[in-house]
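Data first, discussion second: the structure below is written as structure tokens.
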Amino acid sequence: MSQTNYIYGINGPVVTIKGKTELKMMEMVYVGENSLAGEVIKIDDEYTTIQVYEDTVGLHPGEKVISTGAPMSVTLGPGLLGNIYDGIQKPLTAIADEAGVFLTKGISTPSIDFEKKWRTTMLLKAGDTVQGGEILAECDETPIIKHRALVPTDCRGEVIFAADDGEYTVNDCIAKVKCTDGSVRELTLAQKWPIRTPRPAKERLPITKPLVTGQRIIDTMFPVAMGGAAAIPGGFGTGKTVTQHQLAKFSDADIIVYVGCGERGNEMTQALTEFSELTDPSTGRPLLERTILIANTSNMPVAAREASIYTGITLAEYYRDMGYNTALMADSTSRWAEALREISGRLEEMPADEGYPAYLPSRLSEFYERAGYFETFCGKKGSITLIGAVSPQGADFSEPVTQNTKRFTRCFWALDKSLAYARHYPAINWNDSYSEYISELTPWYEENVSPYFIKYRNEIASILAEESKLMEIVKLIGSEILPDDQKLTLEIARVIRIGFLQQNALHETDTYTPIIKHFRMMETILHLNEKSKEALARQIPVSAILATGLFDKVIKMKYDVPNDKPEVFDEYITEITNVMENL
């Protein structure tokens, strides 16, 4: 039964109740006459502290605080895909239809449509023994995603009633289970789950497969594993959001959850507009049919920004438990950390580095630890890949959020301001970035692409490292003094940088590159390097080698060779061989 308490003090999104209460830590409450959603975050003998997830303007002491008896939770069920939510799973599209384009405080709109009927196929029958996580029923959520309604994780027993196949709303009882404690539980297509509690899985499995994104510098040089975690740190204007958009559009994950956490309104508008118009390259269907968008812009309540990350990861875990590979893009975790800092300051907690709370590292680790490749209770395998953007002030990677994120992720794509200003995108610096997944993913590349893929990748990385050393000399004394073999290294590195690592997100062919084309491009560049070295050995000067025009032609192959015709690279290799031998 709900208990009524009264507001004593208000400090921004932080509300206090004086005296002892029966409220519990992390319990969800409704605050004030408008029933603003809030969460209990601190309890002591004198005060109970609540963070409110909505605007507290107009709230005053003496208003009621209503207990719900349950933690802050999200509704899970068919109808999530294609939806746009705020940080606490309020459906923005439905709210706009009901109350207009401006968010109304305290508005209560169901997260998913309770009236819509779903054509449901039952997978359990009376007499079956079930346990939490098994598939209860299936329905077509979108034309490309089959929704698998799951038995709640705390339910175990015998099915005593199972509905026939037919059309049901998310709240209709479609099964009854007599639990092991003797109670009878009614099951529906929907269920609730607390956002700060990770959903359990049967077993965490070793990582064996990359998340293929179609971005060459990522898939080839610094791959992230399916079920891994990656960070994209970068200063203002370096392309964090565009890079995450590319990953959301083209990665081979089944489900995309995109969290705009404290980003500028125009960026979220662009994301929402683009995603609604884009076609999924793998299915030919609208991209929104496998995407959930969570929009919490910088002018929305700061407490909801802190919750939005947990809302997103809980939705991703739900689809993982169905056996899907999900990818969550968090843009950006720095804004989330700033929300933690602001609330911590209002609670008068002792600050740590740069004013962030001392528990920032543990909160980051809790978030990134929810990534992984799992065997689920329904017998399928699913994964969550976490990709978090970081926005360090002044592009200073030594600040606390970036440094702590590096501790808990194994893939680091460092965006470089100088590359971005030179219009080199993605502006991922190949000298500062790294991926610790390469050794685990090598067998997959060798089996599914080529036994030479990693060998070629390492040769490309070696040439870029050599170029970095030579550029220090060039800055001091110029390039003319270098011997021809070192001049050749600089020219080949230029081909790699411009022709391979640089990728045009607005070009029809270059915006996405299949993994086999990555390999053939590397093969062609390294063949050019090998034949050029042979020409140098025959005393042919670098100037004559460059005069053949092959270097510029190889740079343009990313545009000229269609993605579905890798055999065209054979013509490039033949031409390189013939021209170099005839010099």
Side-chain angles (χ1 to χ4, degrees), residues 210 212-224 230 411-416 419 422 424-446 448-472 485-504 510 512-534 536 542 545-546 550-561 563 566 569-570 572-573 576-577 580:
V212 179
T213 66
Q215 312 306 302
R216 290 186 293 270
I217 190 168
I218 293 175
D219 291 346
T220 300
M221 304 304 295
F222 311 110
V224 61
C411 193
F412 191 76
W413 301 322
L415 296 176
D416 190 293
L419 286 175
H424 178 109
Y425 291 106
I428 296 174
N429 187 307
W430 46 89
N431 293 317
D432 296 337
S433 304
Y434 62 84
S435 172
E436 297 177 1
Y437 294 113
I438 291 174
S439 59
E440 293 158 279
L441 300 178
T442 295
W444 186 92
Y445 283 111
E446 292 177 346
N448 293 276
V449 188
S450 168
Y452 299 103
F453 188 95
I454 296 298
K455 176 177 180 290
Y456 289 173
R457 180 260 174 206
N458 292 339
E459 288 182 25
I460 293 284
S462 177
I463 292 171
L464 292 171
E466 184 66 23
E467 181 207 28
S468 180
K469 295 177 183 176
L470 291 175
M471 288 306 295
E472 298 297 323
D485 60 335
Q486 294 183 346
K487 288 180 181 178
L488 176 62
T489 298
L490 293 179
E491 291 298 330
I492 289 293
R494 183 178 71 90
V495 173
I496 294 170
R497 286 189 285 104
I498 302 174
F500 186 73
L501 300 183
Q502 193 176 26
Q503 197 163 347
N504 188 345
D510 200 38
Y512 171 85
T513 307
I515 196 76
I516 188 64
K517 186 176 177 181
H518 295 207
F519 173 72
R520 296 307 306 272
M521 290 175 74
M522 288 194 296
E523 182 183 36
T524 304
I525 293 170
L526 293 173
H527 184 73
L528 176 63
N529 185 40
E530 180 186 349
K531 292 301 176 183
S532 298
K533 286 182 177 179
E534 292 177 3
L536 281 181
V542 166
I545 295 173
L546 295 176
L550 289 175
F551 283 67
D552 290 333
K553 183 172 183 177
V554 169
I555 285 175
K556 294 176 183 176
M557 66 184 174
K558 60 183 179 181
Y559 303 129
D560 297 339
V561 179
N563 287 339
F569 287 103
D570 293 333
Y572 277 76
I573 290 174
I576 290 169
T577 302
M580 289 298 182

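- Considering only residues two or more places apart in sequence or on other chains, Tyr445 meets the ring-ring contact (aromatic ring centres under 6.0 Å, His included) condition with Phe453.
- Judged as a side chain to side chain contact (heavy atoms under 4.5 Å, CB included), and not counting sequence neighbours, the contacts of Tyr559 are Asn504, His507, Asp510.
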In residues 485-495, what donor-acceptor pairs under 3.5 Å come from side-chain atoms, sequence neighbours left out?
{"unit_1": "Thr489", "atom_1": "OG1", "unit_2": "Asp485", "atom_2": "O", "d": "3.1"}
{"unit_1": "Glu491", "atom_1": "OE1", "unit_2": "Arg494", "atom_2": "NE", "d": "3.3"}

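- The closest donor-acceptor contact from the side chain of Ser435 to the backbone of Pro223 lies under 3.5 Å.
- Between the CD atom of Glu534 and the CG atom of Asn529 there is a distance of 10.5 Å, given to the nearest 0.5 Å.
- Contact of the Phe500 side chain with the Ile217 side chain is not registered, since no non-hydrogen atoms from C-beta on lie closer than 4.5 Å.
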Please table the atom pairs, donor to acceptor, closer than 3.5 Å between any side-chain atom in residues 462-471 and protein atoms at least two apart or in another chain.
{"unit_1": "Glu467", "atom_1": "OE2", "unit_2": "Arg497", "atom_2": "NE", "d": "2.9"}
{"unit_1": "Glu467", "atom_1": "OE2", "unit_2": "Arg497", "atom_2": "NH2", "d": "3.3"}

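- More than 12 non-hydrogen atoms from other residues, nucleotides or ligands lie less than 6.0 angstrom from OH of Tyr434.
- Considering CD1 of Ile525 and CG of Leu528, their distance stands at 8.5 Å, rounded to 0.5 Å.
- Residues passing the side chain to side chain donor-acceptor pair (under 3.5 Å) test with Thr213 are Asp219, sequence neighbours excluded.
- With rounding to the nearest 0.5 Å, the separation of CD1 in Ile576 from CG in Leu550 is 6.0 Å.
- Not a single donor-acceptor pair under 3.5 Å links the side chain of Arg216 to the backbone N or O of Leu501.
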Item to check | Steps toward side-chain contact (heavy atoms from CB on, under 4.5 Å) verdict (Ile515, Asn448) | outcome: CA-CA 9 Å; Ile515 196 76; Asn448 293 276; over 6 Å; no
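- For residues 424-433, the set of pairs meeting the side-chain hydrogen bond (donor to acceptor under 3.5 Å, both in side chains) definition, not counting sequence neighbours, comprises Asp416-Asn429.
- The closest side-chain heavy-atom distance from Gln503 to Gln215 is below 4.5 Å.
- With 3.5 Å as the limit, one finds no donor-acceptor pair spanning the side chains of Arg457 and Thr220.
- Taken to the nearest 0.5 Å, the CD1 atom of Ile218 stands 4.5 Å off from the CD1 atom of Ile428.
- Looking at Lys517, its side chain does come within 3.5 Å of a backbone N or O of Val561 through a donor-acceptor pair.
- Evaluation of the side chain to side chain donor-acceptor pair (under 3.5 Å) rule for Ser532 yields no partner, not counting sequence neighbours.
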Item to check | CA sep, side-chain torsions, deciding dist, call: Ile516, Phe569, side-chain contact (heavy atoms from CB on, under 4.5 Å) | outcome: CA-CA 11 Å; Ile516 188 64; Phe569 287 103; over 6 Å; no
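- Looking at heavy atoms from C-beta onward, Cys411 lies in side-chain contact with Tyr437 at the 4.5 angstrom threshold.
- Qualifying side chain to side chain donor-acceptor pair (under 3.5 Å) partners for Asp570, counting only residues two or more places apart in sequence or in other chains: Arg520.
- In this view, Lys553 and Glu575 satisfy the salt bridge (Lys or Arg N to Asp or Glu O under 4.0 Å) rule, not counting sequence neighbours.
- Here Lys455 pairs with Glu459 under the salt bridge (Lys or Arg N to Asp or Glu O under 4.0 Å) rule; sequence neighbours left out.
- Screening Lys531, His527, Glu530 for a side chain to side chain donor-acceptor pair (under 3.5 Å) with Thr577, the sole residue that qualifies is His527.
- Taking the six-membered ring where tryptophan is involved, the planes of Tyr456 and Phe519 are essentially parallel, since the angle between them stays under 30° and well short of 60°.
- Taking the side chain as every heavy atom from C-beta outward, Thr513 and Lys558 never approach each other to under 4.5 Å.
- Judged as a ring-ring contact (aromatic ring centres under 6.0 Å, His included), and not counting sequence neighbours, Tyr572 has no contacts.
- In this structure, the ring-ring contact (aromatic ring centres under 6.0 Å, His included) partners of Tyr512, at least two apart in sequence or on a different chain, are Phe250.
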